[in-house]
Amino acid sequence: MRQYFQIKQKHPDAILLFRVGDFYETFVEDAVEAARILGITLTRRANGSAQHVELAGFPHHALNTYLPRLIAAGKRVAICDQLEDPKLTKKLVKRGITELVTPGVAVGDHVLENKENNFLAAITFGKERIGLSFLDISTGEFSAVEGDDRLIEKLLAGYKPKEILVERKQRSEYNQRMGDIHSFVFETDDWLFTPSNNKERLLQHFGVKSLKGYGLENYPLSITAAGAILNYLDLTQHTEIGHITSISRIDEGKFVRLDNFTIHSLELLQPMNPDGLSLCDILDRTITPMGARLLRRWIAFPLKEIALIEERQHIVNHLHNTSSLRLDLKNLFPEIGDLERMVSKASMKRITPREVVSLANALIAIEEIKKKCAATDNAFLQSLASGLALCELLRERIKYELNPDAPQQVNKGNVIAEGYSEELDELRRLAFSGKDYLLALQQRESDRTGIPSLKVGFNNVFGYYIEVRNAHKDKVPQEWIRKQTLVNAERYITEELKEYEQKILGAEERILTLETLLFNQLVDDLQESVVALQQNARLLSTLDVLLSFAEVALAQNYVCPVVNDSLILDIKEGRHPVIEQRLPFGEPYIANDLLLDNNGCQIMIITGPNMSGKSALLRQTALITLMAQIGSFVPARSASIGVVDSIFTRVGASDNISMGESTFMVEMQEAASILNNLSSRSLVLFDELGRGTSTFDGISIAWAIVEHLHNTPLIRPKTLFATHYHELNEMAQSLSRVRNYSVSAKEVEGQMIFLRKLVEGGNEHSFGIQVAKLAGMPRSIVDRASEILKTLESERIQDGVVEREIMAIPGVAKSTKDIDRKEEEFQLSFFQMEDPLLLEIRDDLLAIDINNLTPIEALNRLNYIKSLLKKY
């Protein structure tokens, strides 16, 4: 326990897995926590004269089962192994930390998600700007950036790091400026973020004299954050990091801005409903895990540069139209596997023999892929092919040196191919042909001595021996040495037998040692090809994603969009890529045309019934735009997409009660974030803005926001505004770039028929009661709601309240409706308020016979009304 606590002091914030014999044990608080997370038994043991201590553990061979569950729970895990053979020491076995696994620093297949990157981030705050760096140690992808709060929030939302490092003294500033980022945040000591040391650390790692070549020289906060990550790798015992061969500066100008709200509400990477589908699910027909990871990054970071988008489109189009090439690539890509992570594991000396054989198979497939792409008439595919390195020498070495059926672990044996090492082949013959040798020896000695029942055997106490029955012991040669006496026999050893025993027993151990040595030498030599193999991985993952786009386009009847630098979105017969996959069999998706233009139809006010498809229309417009800007084909008959630089959404209802923020507060915060970051190339989606407060407050806010979007000079973002506030339709009369549209539906004999077709013109009916009926609301409530609705609509028609209020707004054009009213008629009737108590008071007052009312009765009646209002 003293040894345990000494090691625990080095990593007090990690769960320490302490190797004891065949088990990993946890003690005290760690045991309580591990038992809770893993569902293993918590026990107590006496600790000498001290109190009992808590204990929980599991077999060492089950580490790959339990470690991922600890990491998924956001725990840091220190693995403490025995550093010497217990058989070779009479003292306490030496132990030490062999690896510190954290949510952001994991390299084992059992911990990592195949189709997701596992980013570690480090963040540091300056006076005005923020430094941020990302590393996926499992792939070697390393990047850094320096920017304002808006950019950093966008990158954190897109990269979704599993762990964020922040200097302990800056934690409160992180909480204040970054808000609720769903990652494990680890507070580090100050030395990890020392600027001068961190720059030197980067220069030392990359072996350069300047960081100019990486574009970081003039970004000190980026350098500090990147250096902190390398320091953290030292701290977590990850020192074999030769696969981190470069660091790139993230260019914010290349990518469309997508904030966390937008990524979530558009369901880009994961669905809101566990049974639902995300856009990534629809587009992901990748074959390799590294292709799937790249697809996720492309979706989170759409391009703004038209030339890069068109380059992807050209390859997708060629693959789409060339079935033979597409089929050949589909057959070859399974051999590639997760080349990206295999290379990283080779660099970290964690690659297995079977994975090295898979690497050779991947290189064979790469040669074929290179030939196929080079033979096309597509310049972009030819360029991709020219970048693929064949690494013939490495490939041939692996084929020659390793057994094609090499095991997963070196200590399982049969790793090195026969014929590569004469010494190894001789040892194998000695170790595995021993049975034949012993049979031959037995026959020879039997013939020589005339003892027919003589036999050669083996046990763990005496080793190899010759057994002779007592009836023949007088025939035993004098040079045999008697070793054991049995009831009916004697056992002997000979000089030849002991020499053979030493050879055969030593051979098995020597075989393992020699195979390990030869395999490690191959892995060491493999380091020379790391950069070339990483380049192959990048090119092949790109080709895998583009092949996926072509497959999806064929299967779902997508078209290649025109992407240009105009300010127009023109979509003909657009469809929602996810919803059309979830419709009942045989039910067609109702496609819609949509045209948005900063100088024409800039803002589209969309009204219509509940469930008619307003929200789907908003989302499909954003998804089609985004798909076009990642290089994918789109679900439409045709589409012309003027490049957007940001997509903003304000949809759905959510709250943050733990932070004291109501649904309406969250709604207003999201809307404010949009309005403060607009440009002329923004695409804005507002769905039911203002519904979290009273009707008149909501209408007023929505009205003011539409005016702001319309009237702000030089911005004019393209906007889709879905609403049940039909009063907003009046804005089209006074704002020239506002157009009214509705998603049509009709009621036939009390039943709703949703046409889901976008038509010009507003709609004044929401059909909420009919939708409640469809949802299974009790009939009595539906009937009562219908009665109340008729009453309210009757009063509204009689008083013209809302219409007169809107016409009284300064700057709003007057319609042809009757406005010849006295000013006092514009005031809201007290009794129009929808409150049962006020309705009761009204009925009571109307029932009074004023002509026959005595003064005392009047006072009593007044007192009664007053008492009701006090309760109210």
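- Within a 6.0 Å radius of CD in Gln484, other residues, nucleotides and ligands contribute more than 12 heavy atoms.
- Applying the salt bridge (charged side-chain N to carboxylate O under 4.0 Å, His left out) test between Glu99 and each of Arg19, Arg350, Arg76 identifies Arg350 as the sole match.
- Asp81 places no side-chain N or O within donor-acceptor distance of the main-chain N or O of Thr98, the cut-off being under 3.5 Å.
- Here the CG-CG distance, from Leu363 to Leu339, works out to 7.5 Å after rounding to the nearest 0.5 Å.
- Here the two rings, on Phe18 and Tyr24, have centers that are 6.0 Å apart or farther.
- Annotation: Lys483, atom NZ; neighbour count of heavy atoms from other residues, nucleotides and ligands within 6.0 Å does not exceed 12.
- The environment of CD in Glu479 is crowded: more than 12 heavy-atom neighbours from other residues, nucleotides or ligands sit within 6.0 Å.
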_Stepwise side-chain hydrogen bond (donor to acceptor under 3.5 Å, both in side chains) test for Asp136 and Asn118_ = CA-CA 5 Å; Asp136 183 347; Asn118 200 84; 5.5 Å; no
*Show the numbers, then the answer: is there a side-chain hydrogen bond (donor to acceptor under 3.5 Å, both in side chains) between Tyr232 and Glu163?*
CA-CA 12 Å; Tyr232 190 63; Glu163 181 178 9; 2.7 Å; yes
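- Here the side chains of Asp525 and Leu394 are not in contact, with every heavy-atom distance at 4.5 Å or above.
- Remark: side-chain polar atoms of Ser347 are paired, donor with acceptor, to backbone N or O of His243 under 3.5 angstrom.
- Glu392 CD: more than 12 foreign heavy atoms inside a 6.0 Å radius.
- Around atom CZ of Arg2, no more than 12 heavy atoms belonging to other residues, nucleotides or ligands sit under 6.0 Å away.
- Interatomic distance, Leu526 CG to Met342 CE, rounded to the nearest 0.5 Å: 10.5 Å.
- Side chain of Glu335 to backbone of Ser358: no donor-acceptor contact under 3.5 angstrom is found.
- Salt bridge absent: Lys94 and Glu84 never bring a charged side-chain N and a carboxylate O closer than 4.0 Å.
- The existence of a salt bridge linking Arg296 and Glu113 is excluded, since no basic side-chain nitrogen approaches an acidic carboxylate oxygen closer than 4.0 Å.
- Here the side chains of Val101 and Ile79 are in contact, with some heavy-atom distance below 4.5 Å.
- When all heavy atoms of Ala34 and Ile40 are compared, the closest pair comes out as O-CG1, 4.2 Å.
- Looking at heavy atoms from C-beta onward, Leu16 lies in side-chain contact with Tyr4 at the 4.5 angstrom threshold.
- Between the Asp30 side chain and the Thr26 main chain, no donor and acceptor come within less than 3.5 Å of each other.
- Of the possible polar contacts, none joining the Arg293 side chain to the Asn117 backbone as a donor-acceptor pair under 3.5 Å is found.
- Note on ring orientation: taking the six-membered ring where Trp is involved, the planes of Tyr492 and Trp480 are tilted (angle from 30° to 60°).
- The line from CZ of Phe458 to CG of Leu497 is 10.5 Å long, rounded to the nearest 0.5 Å.
- A donor-acceptor pair under 3.5 Å is formed between the side chain of Thr236 and the backbone N or O of Leu233.
- Note that the SG atom of Cys373 and the CG atom of Asp328 stand 10.0 Å from one another [nearest 0.5 Å].
- Here the side chains of Phe519 and Leu402 are in contact, with some heavy-atom distance below 4.5 Å.
- Contact check on Arg510 versus Glu423 returns a salt bridge, with a Lys/Arg side-chain nitrogen under 4.0 Å from an Asp/Glu carboxylate oxygen.
- Checking Tyr464 against Glu496 by side-chain atom types alone, no donor-acceptor pair falls below 3.5 Å.
- A donor-acceptor pair is defined here as one N or O able to donate and one able to accept, closer than 3.5 Å; no such pair exists between the side chain of Gln442 and the backbone of Ile466.
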*Before giving the answer on salt bridge (Lys or Arg N to Asp or Glu O under 4.0 Å), spell out for Arg45 and Glu25 the whole-Å C-alpha distance, their side-chain angles and the decisive distance to 0.1 Å.*
CA-CA 12 Å; Arg45 293 285 191 274; Glu25 300 288 0; over 6 Å; no
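- Under a 3.5 Å cut-off, the side chain of Arg69 and the backbone N or O of Leu38 do form a donor-acceptor pair.
- Using a 4.0 Å cut-off between a side-chain N of Lys or Arg and a carboxylate O of Asp or Glu, Glu116 and Lys162 qualify as a salt bridge.
- Counting only heavy atoms from C-beta outward, the side chains of Ile137 and Met348 approach each other to under 4.5 Å.
- Ion pairing between Arg429 and Glu426 holds under the 4.0 Å rule for side-chain N and carboxylate O.
- No hydrogens or angles considered: a donor-acceptor pair under 3.5 Å links the side chains of Thr245 and Gln534.
- No side-chain N or O of Thr286 forms a donor-acceptor pair with one of Asp544 less than 3.5 Å apart.
- Minimum interatomic distance between Val523 and Ala346 (heavy atoms only, all atoms of both residues): CG1-O, 3.6 Å.
- For Glu509, the CD atom is loosely surrounded, since the number of other residues' heavy atoms within 6.0 Å does not exceed 12.
- Side-chain atoms of Arg538 and Gln535 include a donor-acceptor pair closer than 3.5 Å.
- Considering all non-hydrogen atoms of both residues, Ala389 and Ile366 come closest at O-CG2, 4.1 Å.
- Between Ser138 and Ser344 the shortest side-chain heavy-atom distance does not fall below 4.5 Å.
- Judged by distance alone, with hydrogens and angles left aside, the side-chain atoms of Ser133 form a donor-acceptor pair with the main-chain N or O of Ser143 at under 3.5 Å.
- Using a 4.0 Å cut-off between charged side-chain N and carboxylate O, Arg341 and Asp109 make no salt bridge.
- Residue pairs that meet the side-chain hydrogen bond (donor to acceptor under 3.5 Å, both in side chains) test with at least one member in residues 449-459, sequence neighbours left out, do not exist here.
- The shortest distance between side-chain heavy atoms of Asp338 and Thr288 does not fall below 4.5 Å.
- Put simply, CG on Leu295 and CZ on Arg285 are 12.5 Å apart, with the number rounded to the nearest 0.5 Å.
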*List the steps, then state whether ring pair (Phe, Tyr, Trp, His ring centres under 6.0 Å) holds for Phe134 with Phe142.*
CA-CA 6 Å; Phe134 296 100; Phe142 196 17; over 10 Å; no
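- Contact check on Lys371 versus Glu368 returns a salt bridge, with a Lys/Arg side-chain nitrogen under 4.0 Å from an Asp/Glu carboxylate oxygen.
- Annotation for Lys10: atom NZ does not count as buried by contact number, only 12 or fewer foreign heavy atoms lying within 6.0 Å.
- Residues Asn231 and Arg201 have side chains in contact (heavy-atom distance under 4.5 Å, counting atoms from C-beta outward).
- Checked by atom type and distance alone, the side chain of His205 never pairs as donor or acceptor with a backbone atom of Gly242 at under 3.5 Å.
- Between the CD atom in Gln408 and the CZ atom in Arg354 there is a gap of 5.0 Å [rounded to 0.5 Å].
- Annotation for Lys330: atom NZ does not count as buried by contact number, only 12 or fewer foreign heavy atoms lying within 6.0 Å.
- For residues 400-419, the set of pairs meeting the salt bridge (charged side-chain N to carboxylate O under 4.0 Å, His left out) definition, not counting sequence neighbours, comprises Arg397-Glu401.
- Under a 4.0 Å N-O distance rule, the pair Glu33/Lys75 qualifies as a salt bridge.
- Here the closest heavy-atom approach between residue Ile398 and residue Val357 is recorded as CG2-CA, 4.2 Å.
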